2 protein chains.
Amino acid sequence: MAVVTDTLLADGLKRIQREIDAAFDSMLPLPADPRSRLIEAMRYATIGGGKRVRPLLVASVAELYGVDRQAAIRAGVAIESVHVYSLIHDDLPCMDNDAMRHGKPTLHIAFDEATAVLAGDALQCFAFEVLGDVATSGDPFTRIELVTTLAVASGHNGMAGGQMMDMAAENSSFDLPTVTRLQQLKTGALLGAAVEMGAILGKVPVEGRKHLRAYARDIGLAFQIVDDLLDHEGDEEAAGKALRKDAEKGKETFVSLLGADRAREQARLLIDQAIGSLAGHGAEADMLRALARFIVERNF
Amino acid sequence: MAVVTDTLLADGLKRIQREIDAAFDSMLPLPADPRSRLIEAMRYATIGGGKRVRPLLVASVAELYGVDRQAAIRAGVAIESVHVYSLIHDDLPCMDNDAMRHGKPTLHIAFDEATAVLAGDALQCFAFEVLGDVATSGDPFTRIELVTTLAVASGHNGMAGGQMMDMAAENSSFDLPTVTRLQQLKTGALLGAAVEMGAILGKVPVEGRKHLRAYARDIGLAFQIVDDLLDHEGDEEAAGKALRKDAEKGKETFVSLLGADRAREQARLLIDQAIGSLAGHGAEADMLRALARFIVERNF
């Protein structure tokens, strides 16, 4: 389904996908009691699906600073748990009412709505359990900073706030600054948290993270612009989900506000800028550069 | 609606209700943007409702060890956020489909289903944001232990796991040990976390918490037995919610398995035992004793 032409990135994605799958598999064993259906649902949603862009961001930034790979994978599992829970709840009938995700039935279709609500809830919680665990980082300063970063990025001042703005967008006519703010919260906050968590694991002081935050902000916005373009003109089979929903709902997007050509141009400029922010790093940041380029070139 | 005869407890509940309301009010200010509906929903669900048993447990245990009141209130806000999110999601049409809670319309009735899902999600996240914040405890060891305790108690090995067992109970015929395990997870885990969080704030080493854990386990089970009794024979107006649901769904409860008389007797024995666990404390533990007695004597 996916075509990733860059070898470094293709290998990096394959590796992180394998590592994240293995981590969820070992960290969510099936219990021999009536809770098993819940854990089955959590496993269905987390194992074997998704590009794992957020874990790759955590791991690639962490690698710049020589962080132990297992610590980065655990932080990646945490942020991916939040991402997956948000997809499960977004797909619910009362939200986007989507039947397909990553090329398979959504959780409430494969199981049932109540189990989908509960599995999403449990996955959000699991994220903080993983970050709090001493195995993620023995140092409590690092762990608590990871917790706070992920909590702020996911909550009402981050992803959940952006999701509420997105729901309001159906009945409003948002301008470009408002759509930008919406997307910075809805998608950008969690991508930003991924980069930040890599830097936290690397014990990079706040003043040394500016270029990484700039990189994250730019790829986050570009990511969403490309999402809008794919929703507008993409292929449902490659995407593994329903498309053309924003236009149906009359929501303003980067494409409706800028037109497809200017939106594409804007995404390219943002990616150039993101790669520019990494100028202080050598070849060790090539994965982050390849990931930035992939964001505008992807077809899924 | 509520009749609390014990003066110490009545004052303690009034005080903590005022403090928790004030804390939610100041910590969830309404933003002047389209996220406001989400924060309005979070405020609707958190301010001015609920007995605040969990925050009172945190604060009363914390007080045994001379913890700063504001730190205890913040931890109380966190655990109450988790409790409230679980009620919001439990009330959804796909779960218990309840229209009334704390004597007012449930969140999905007062707002809408999508907002209720999202507000629950954001409140869970908010809990970890509050615990991670330096204002809750400057000491990162304490904060990360609070996070882990709350995350484990809420997740698939705690409250969410118990909720899944409860859903399975509709199609199964659980025996007494299984119903006990179900309730220890569904209600007991979070009550246990409340007591534990008070001890964590008090920097009580794990080996010094045994009597508090025993107290929490016993009041947790008694609490649920009384809930089953109230569901069986209680007054809907006093409860502020619909009753008699377990029998309708054919779920086994402590009352269906033991009979009302033996269930009541069992709850009383558990409370005596819980109060016995506090024998090493003097008058400073009177609030915990009064709270234990209240659990079996309450009518709501």
Side-chain angles (χ1 to χ4, degrees), chain A residues 28 31 33-39 42 82 85-86 89 92-95 108 112-122 124-133 140-141 143-145 147-148 150-152 154-158 160-165 167-169 172 174 178 181-182 185, chain B residues 28 31 33-39 42 82 85-86 89 92-95 108 112-122 124-133 140-141 143-145 147-148 150-152 154-158 160-165 167-169 172 174 178 181-182 185:
Chain A
L28 291 172
D33 66 35
R35 290 175 303 132
S36 61
R37 187 175 165 81
L38 174 62
I39 288 86
M42 294 166 78
V82 167
Y85 114 68
S86 77
H89 284 187
L92 286 170
C94 68
M95 305 278 271
H108 66 275
D112 58 78
E113 265 188 75
T115 302
V117 170
L118 205 54
D121 290 344
Q124 176 170 192
C125 197
F126 179 66
F128 295 104
E129 190 181 331
V130 170
L131 292 184
D133 194 294
F141 290 87
R143 281 185 280 150
I144 202 67
E145 201 180 348
V147 164
T148 304
L150 187 58
V152 172
S154 323
H156 61 287
N157 291 319
Q163 178 67 13
M164 176 51 71
M165 287 181 76
M167 282 156 51
S172 317
F174 286 167
T178 309
R181 166 97 176 122
L182 185 170
L185 293 174
Chain B
L28 290 172
D33 66 35
R35 289 175 304 132
S36 60
R37 187 175 166 82
L38 173 62
I39 288 89
M42 294 166 79
V82 167
Y85 114 69
S86 77
H89 284 186
L92 285 170
C94 69
M95 305 278 272
H108 65 275
D112 58 78
E113 265 188 75
T115 302
V117 170
L118 206 54
D121 290 345
Q124 177 170 190
C125 199
F126 179 66
F128 295 104
E129 190 180 332
V130 170
L131 292 183
D133 195 294
F141 290 87
R143 281 185 279 150
I144 202 68
E145 199 179 349
V147 164
T148 304
L150 187 57
V152 172
S154 322
H156 61 286
N157 292 320
Q163 178 67 15
M164 176 51 73
M165 286 182 74
M167 282 156 53
S172 316
F174 286 166
T178 310
R181 166 99 176 120
L182 186 170
L185 292 175

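To find a chain, count down the sequence lines: A is the first, B the second, and so on, and within it residues start at 1. Bear in mind that the values here come from a model prediction, so they are computed numbers and not experimental data.
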Please state whether the side chain, the backbone, both or neither of [X] comes within less than 4.5 Å of a heavy atom of chain B.
| X | value |
| --- | --- |
| A:V147 | side chain |
| A:L185 | side chain |
| A:I39 | side chain |

For this session: Under 4.5 Å, counting heavy-atom pairs only, tell me which of A:E145, A:E129, A:Q124, A:M165 racks up the most with chain B.
Result: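 Counting heavy-atom pairs under 4.5 Å, the top option is A:Q124.
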Nearest-0.5 Å distance, [atom1] of residue [X] to [atom2] of residue [Y]:
| X | Y | atom1 | atom2 | value |
| --- | --- | --- | --- | --- |
| B:F128 | A:L150 | CZ | CG | 10.5 Å |
| A:F141 | B:R143 | CZ | CZ | 8.0 Å |
| A:I144 | B:L131 | CD1 | CG | 7.5 Å |

Problem set entry | Part of B:N157 within contact of chain A (heavy atom distance under 4.5 Å) |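 Both the backbone and the side chain of B:N157 come within 4.5 Å of chain A.
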Validation: residues 114-121 of chain B side-chain donor-acceptor distances under 3.5 Å, sequence neighbours left out:
{"unit_1": "B:T115", "atom_1": "OG1", "unit_2": "B:D112", "atom_2": "OD1", "d": "3.0"}
{"unit_1": "B:T115", "atom_1": "OG1", "unit_2": "B:D112", "atom_2": "OD2", "d": "2.9"}
{"unit_1": "B:D121", "atom_1": "OD1", "unit_2": "A:H89", "atom_2": "ND1", "d": "3.0"}
{"unit_1": "B:D121", "atom_1": "OD2", "unit_2": "A:H89", "atom_2": "ND1", "d": "2.7"}

Exercise. Of all residues at least two apart in sequence or in a different chain, which pass the ring pair (Phe, Tyr, Trp, His ring centres under 6.0 Å) check with A:H156?
Worked result: B:F126
Exercise. Between B:G161, B:A169, B:G158, B:A122, which has the largest tally of heavy atom pairs under 4.5 Å with chain A?
Worked result: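 Max contact count across the listed options: B:G161.
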Problem set entry | Options B:S172, B:G132, B:A168, B:P34, ranked by heavy-atom pairs under 4.5 Å with chain A, top entry |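 So the answer, after comparing B:S172, B:G132, B:A168, B:P34, is B:P34.
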For this session: Mind running side chain to side chain contact (heavy atoms under 4.5 Å, CB included) on B:R35 and A:R181 for me, showing each step along the way?
Result: CA-CA 11 Å; B:R35 289 175 304 132; A:R181 166 97 176 122; 3.9 Å; yes
Problem set entry | Candidate pair B:E113 and A:L92, rule side chain to side chain contact (heavy atoms under 4.5 Å, CB included), full reasoning | CA-CA 10 Å; B:E113 265 188 75; A:L92 286 170; over 6 Å; no
For this session: Of all the heavy-atom pairs spanning B:A151 and A:C125, show the shortest one and how long it is.
Result: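 Looking at all heavy atoms of both residues, the closest pair is O-SG, 3.0 Å.
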